[in-house]
Amino acid sequence: HVVGTSAGSDTLGATATSPAHNPDTALVIVGPGRVDPLGSWPTSVRVGDSVLVTLYSRDAATNSHHVVAATPFTLAPNANIQFVSGGVSIAVITSVTIPADAYYVQFYLKGVAAGTGSVIITGTNYQTYIPTVTVSP
């Protein structure tokens, strides 16, 4: 596995002591990760209803990848939606964290008021993502 520690490009060289293998090089480009698309993000939701969504850690080609360390993301919704945790005690949340050695985190999107709901999702070393949803009465 190759883990990028900062944005940029680098050339990696590899050799093997076995005569059956030749030395080789590879170009590695490290850029910001992505969280789009969100899994199960709805096109619409009714006021008061909740939908389970999944935020994945993705690369530039939108392939999912495990994170090395716990990776937090901030959720900044507008007044039409909110995010809530699941379980017995449902609480409004404004951030989620993908645990170390995992590649996703799940939480609920809840419709609060009719209109267009949107959220700004940010995380260090990840592109900002702003999905929207129609909230109906």
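Numbers for residues simply follow the sequence, beginning at 1. What you see below is based on every heavy atom in this structure, not just the backbone, and it leaves out hydrogens, waters and symmetry mates.
- Nearest heavy-atom pair, Pro137 versus Ala114, reported as atom, atom and distance to 0.1 Å: CD-CB, 4.0 Å.
- Within a 6.0 Å sphere centred on OH of Tyr104, heavy atoms belonging to other residues, nucleotides or ligands number 12 at most.
- Shortest non-hydrogen contact noted between His66 and Asp101 is CD2-O, 2.9 Å.
- Here the shortest heavy-atom pairing between Pro37 and Arg58 reads O-NH2, 3.0 Å.
- In the displayed structure, Tyr103 atom OH is contacted under 6.0 Å by at most 12 heavy atoms of other residues, nucleotides or ligands.
- With Asn125 contributing its side chain and Pro32 its backbone, the two residues share no donor-acceptor pair below 3.5 Å.
- From Ser57, atom OG reaches atom CG of Asn63 across 11.0 Å, with rounding to the nearest 0.5 Å.
- With sequence neighbours left out, the side-chain hydrogen bond (donor to acceptor under 3.5 Å, both in side chains) criterion links Asp36 to Arg34.
- Tyr108 places none of its side-chain heavy atoms less than 4.5 Å from the side chain of Ile90.
- For Val45 against Gly111, the heavy-atom pair with the smallest separation is CG1-CA, 4.1 Å.
- You'll find the side chain of Ser85 stays beyond 4.5 Å of the side chain of Val96, heavy atoms only.
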List the steps, then state whether side chain to side chain contact (heavy atoms under 4.5 Å, CB included) holds for Phe73 with Val105.
-> CA-CA 10 Å; Phe73 294 90; Val105 62; 5.6 Å; no
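- If you chain together ILVMFWY residues whose side-chain heavy atoms come under 4.5 Å of each other, Ile120 ends up grouped with Ile130.
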Report the C-alpha separation of Thr71 and Tyr126 in whole Å, then their side-chain angles, then the decisive distance to 0.1 Å, and conclude whether the side chain to side chain contact (heavy atoms under 4.5 Å, CB included) test is met.
-> CA-CA 10 Å; Thr71 305; Tyr126 283 82; 3.8 Å; yes
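- Taking the side chain as every heavy atom from C-beta outward, Val47 and Val135 approach each other to under 4.5 Å.
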Given Tyr129 and Leu38, is the side chain to side chain contact (heavy atoms under 4.5 Å, CB included) satisfied, shown in steps?
-> CA-CA 10 Å; Tyr129 181 51; Leu38 294 174; 4.0 Å; yes
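- When atom types are taken as modelled, the side chain of Trp41 and the backbone of Thr132 share a donor-acceptor pair closer than 3.5 angstrom.
- Closest approach of Ser40 and Leu52 over heavy atoms only: CB-O, 3.3 Å.
- Interatomic distance, Phe83 CZ to Ser50 OG, rounded to the nearest 0.5 Å: 11.0 Å.
- Annotation: side chain of Thr62 is not in contact with side chain of Tyr56 (no heavy-atom distance under 4.5 Å).
- The CD atom of Gln127 lies 13.0 Å from the OG1 atom of Thr122; values are rounded to the nearest 0.5 Å.
- Screening Val112, Leu109, Val119 against Gln82 for a side chain to side chain contact (heavy atoms under 4.5 Å, CB included) leaves a single residue, Val112.
- One hydrophobic cluster, built from ILVMFWY side chains closer than 4.5 Å, holds both Ile81 and Ile93.
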